[in-house]
Amino acid sequence: MSEELSELLKVRRDKLAEIRAAGINPFPYTYEKTHTAAEISAEYKENDEVSIAGRIMTKRGHGKASFAHLQDETGRIQIYCRQDIIGEAKYEIYAKLDIGDIIGVKGHIFKTKTGETTVKVADFTILCKSLHPLPEKWHGLQDKELRYRERYVDLMVNAEVREVFKKRSRIVSLIRHSLENKGFLEVETPILHVLQGGAAAKPFETYHEALDMPLFMRIAPELYLKRLVVGGFEKVFEMGRVFRNEGISYKHNPEFTIIEIYQAYADYNDVMRLTEELITTAAKEVLGTLEIEFKGEKISLALPWKRITLVDALKEYGIEIEGKSEKEIQELAVAKGLKDYAKASAGKIINVLYDKYVEANLRQPTFIIDHPLATSPLAKKHRSKEGYVERFELIIAGMELANAFSELTDPIDQLDRFESQAEAKAAGDDEAESMDEDFLRALEYGLPPTGGVGIGIDRLVMLLTNQPSIRDVLLFPHMKPLPRSKPSEAETEILA
RNA sequence: GACCCGGUAGCUCAGCUGGUAGAGCAUCUGCCUUUUAAGCAGAGGGUCAUGAGUUCAAGUCUCAUCCGGGUCACCA
């Protein structure tokens, strides 16, 4: 708190003191409400007695009477308070209430001249004195920085924002229930990892004091979930937060929510169908349609979704790599202006070319399938194509929504892949997988044929709620701290 | 990390080629017992993100820094 309070803050603190001086607790403990705003609007009956509670969002005083709107989680309801009903002393307190205060109201329902269902205040109780003024009633809170930093205000004032997060909750719930109905078991695996693995990404590092050891925040739950399939859980999934130490953009936040699903005795074709089903079911239930609009663009989620191999997708954008040797592909990279990749592996170059020339152009739902072996260390070799794996990525509106494989189940092959990853790591690739001996041991016990998929929940929610940035579907997106806040002791210690 | 745009009252925004800061809402005072962007009359409220510089004079021009947004790069 700054020493110098602005006039507006001072006024509210003075009012708080007045309330206390009048012997009223401005922060009481409970309140018994009988109705919500939505219930009253829907089941309106003249003269019904109700008890409601909510935040004052508008206020119109008329001398000895006053209108206001209370907002609860379900919506707004008008209240009408008259001095001759509640008495002079109480009305004086009522008149001093501010927009933003939370009150409970008991009274009878009536309809005003203009036909609005309204509660006539017989009694009211202050439930929380608000000390900050709310944003303007007409324009609300627009400033993006403030909206993200003070999401609580954003939610109070912007109904559309509340809707987005309600939809997010429904989407998550629908996916969870779809999987439960199919016999999948929801599990939780460690978030603090000893090794870096399960995805190509840079982890956040942390430290366990008592054990005196470094730890990584997980970048994916993949390797633990496959251990569970080894253990005999044939259908498992985990929905949870993962952490990746990379840049921030409209589709990247350092922590995000992923759902990973593993099904024994299935391959990537099965998992592709499952992915289609989960997403279209959620879309139908939440939006009532598969024809959606995202950032002004029409996208059809109607099945079936296009499937095309990565090599063919490149060909569609004028990049021919079929039958080319590694050397020729390196030359192609240089010709395309990717000078840094003159000595990279063919697989790496193919991925970069794909990222650069193909992905952003894929607008309608598309499964890109059969990726190069070199960049897919956890995927099973393709059953018929040398040098490729059985893998797909789902792209919608230029965003990667899902990534999946026929999981690599051969422990000898997995060891080879880890060894190549170790070489890459030694050569400076800080996203390479760690050698995970326990995971290899699990595979040696035997992982049945398994299909696995990871779906980015935040991006899916963006798509289904037509939100242009991942920040708009995260309640508290990552923000740099403002300069005035001084670092905590812990931060000072770490930075020292 | 590079480039572009932005930061002015609690909120939403004006502020021209440099001349000393404005509106609406909100707040305060008075009037007002069916209003709803209530109304009428009056008042208060600003380190113009921060710090330097140019200038007689800077919200405005220059540089640096911070925060945010966007594009690209990085990135599954």
Side-chain angles (χ1 to χ4, degrees), chain A residues 4-12 14-15 57-69 76 78-86 91 95-96 98-100 110-116 118 120 130-150 153-154 157-158 198-202 219-220 222 242 244-254 256 258 338 340 351-352 354-356 359-360 368 371 375-376 378 391-395 399-404 430-431 454-456 459 468-469 471-472 477-485:
Chain A
E4 284 289 317
L5 292 176
S6 82
E7 183 206 345
L8 291 171
L9 300 187
K10 232 179 293 172
V11 165
R12 292 201 173 210
D14 291 346
K15 286 181 178 175
M57 299 306 288
T58 65
K59 205 164 169 252
R60 294 172 294 281
H62 295 264
K64 295 184 174 60
S66 178
F67 286 95
H69 277 104
R76 290 187 183 186
Q78 182 166 258
I79 60 172
Y80 177 55
C81 185
R82 295 169 60 121
Q83 190 196 59
D84 57 7
I85 296 176
I86 66 165
Y91 190 79
K96 285 204 169 162
D98 284 310
I99 289 172
F110 75 107
K111 228 167 211 168
T112 61
K113 274 185 201 163
T114 54
E116 182 166 351
T118 301
K120 194 174 282 179
S130 169
L131 299 179
H132 272 279
L134 253 42
E136 200 221 0
K137 63 185 165 194
W138 200 239
H139 300 92
L141 186 63
Q142 300 292 330
D143 185 83
K144 278 194 174 159
E145 182 170 357
L146 261 183
R147 287 188 40 221
Y148 298 146
R149 284 191 198 281
E150 301 185 7
V153 180
D154 192 27
V157 164
N158 294 323
K202 230 161 80 176
I219 54 175
E222 170 144 357
V242 297
R244 298 188 182 176
N245 209 338
E246 57 198 28
I248 293 175
S249 79
Y250 79 94
K251 52 181 172 178
H252 295 267
N253 194 67
F256 64 97
I258 199 169
L338 302 169
D340 298 345
N351 255 27
V352 171
Y354 162 77
D355 282 344
K356 204 170 162 65
E359 187 171 272
I368 296 292
H371 295 64
T375 51
S376 313
L378 303 168
R391 173 176 178 182
F392 73 78
E393 290 180 311
L394 170 63
I395 314 300
M399 290 192 293
E400 182 193 328
L401 269 278
N403 183 23
D430 50 15
E431 299 187 344
I455 301 172
R459 290 178 182 177
S469 167
R471 297 178 195 95
D472 297 315
H478 186 77
M479 286 277 161
K480 283 198 188 184
L482 294 172
R484 60 170 156 71
S485 56

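Predicted, not measured: the structure shown is a model, and the values here were computed from it.
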Review point. Taking atom types as they are modelled, is there a donor-acceptor pair under 3.5 Å from the base of B/C75 to the side chain of A/H252?
Key: yes
Practice item. Identify whether any heavy atom of A/A201 sits under 4.0 Å from a base atom; if not, whether one sits that close to sugar-phosphate; answer base, sugar-phosphate or nothing. Key: sugar-phosphate
**Study point:** Pairwise C1' distance for B/C13 and B/G7, with rounding to whole Å
**Key:** 13 Å
Check your understanding: Want to settle it: does A/A65 or A/D143 sit nearer the 5' end of RNA chain B, counting the closest nucleotide to each?
Key -> A/D143
Check your understanding: With a 4.0 Å cut-off on heavy atoms, is A/R12 in touch with a base, just the backbone sugar-phosphate, or nothing at all?
Key -> nothing
Review point. Nearest to the side chain of A/W138, which nucleotide is it out of B/C75, B/G69, B/A37?
Key: B/A37
Exercise for review: Classify the nucleic acid contact of A/K15 as base, sugar-phosphate or nothing, counting any heavy atom under 4.0 Å across all strands shown.
Suggested key: sugar-phosphate
Review point. If the P atom of B/A49 is compared with that of B/G10, how far apart are they to the nearest Å?
Key: 13 Å
Check your understanding: For A/L134, which contact category applies under a 4.0 Å heavy-atom criterion: base, sugar-phosphate, or nothing?
Key -> nothing
Review point. When all nucleic acid strands are considered with a 4.0 Å heavy-atom cut-off, which category describes A/E400: base, sugar-phosphate, or nothing?
Key: base
Practice item. Determine which nucleotide pairs with B/A41, using a 3.5 Å limit on both distances of a Watson-Crick or G-U wobble pair. Key: B/U29
Check your understanding: What does A/E116 touch in the nucleic acid at a heavy-atom separation under 4.0 angstrom: a base, only the sugar-phosphate, or nothing?
Key -> base
Check your understanding: Which part of the nucleic acid, if any, lies within reach of A/K356 when heavy atoms closer than 4.0 Å are counted: base, sugar-phosphate only, or nothing?
Key -> sugar-phosphate
Review point. Which is true for A/G61 with a 4.0 Å heavy-atom rule: it touches a base, it touches only sugar-phosphate, or it touches nothing?
Key: base
Practice item. Tell me which nucleotide among B/U34, B/G10, B/U35 gets nearest to the side chain of A/P133. Key: B/G10
Point to revise | 5′-ward residue of the pair A/G140/A/E246 relative to RNA chain B | key: A/G140
Exercise for review: Pick base, sugar-phosphate or nothing for A/E431, based on heavy-atom distances below 4.0 Å to the nucleic acid.
Suggested key: sugar-phosphate
Exercise for review: Could you tell me whether A/K480 contacts a base, only the sugar-phosphate backbone, or nothing, with contacts defined as non-hydrogen atoms closer than 4.0 Å?
Suggested key: sugar-phosphate
Check your understanding: So which nucleotide from B/U35, B/C28, B/A26 ends up closest to the side chain of A/V11?
Key -> B/C28
Review point. Of the nucleotides B/C32, B/U27, B/C67, which one has an atom closest to the side chain of A/E145?
Key: B/C67
Exercise for review: Have a look at A/T112 and say if it touches a base, only the backbone sugar-phosphate, or nothing, with a 4.0 Å heavy-atom cut-off.
Suggested key: base
**Study point:** Under 3.5 Å on both distances, the Watson-Crick or G-U partner of B/C56
**Key:** B/G19
Practice item. Remember a base hit wins even if backbone is also touched, and classify A/Y148 as base, sugar-phosphate or nothing at under 4.0 Å, heavy atoms. Key: sugar-phosphate
Practice item. Under 4.0 Å between any heavy atoms, over every strand shown, what does A/R471 touch: base, sugar-phosphate, or nothing? Just pick one. Key: sugar-phosphate
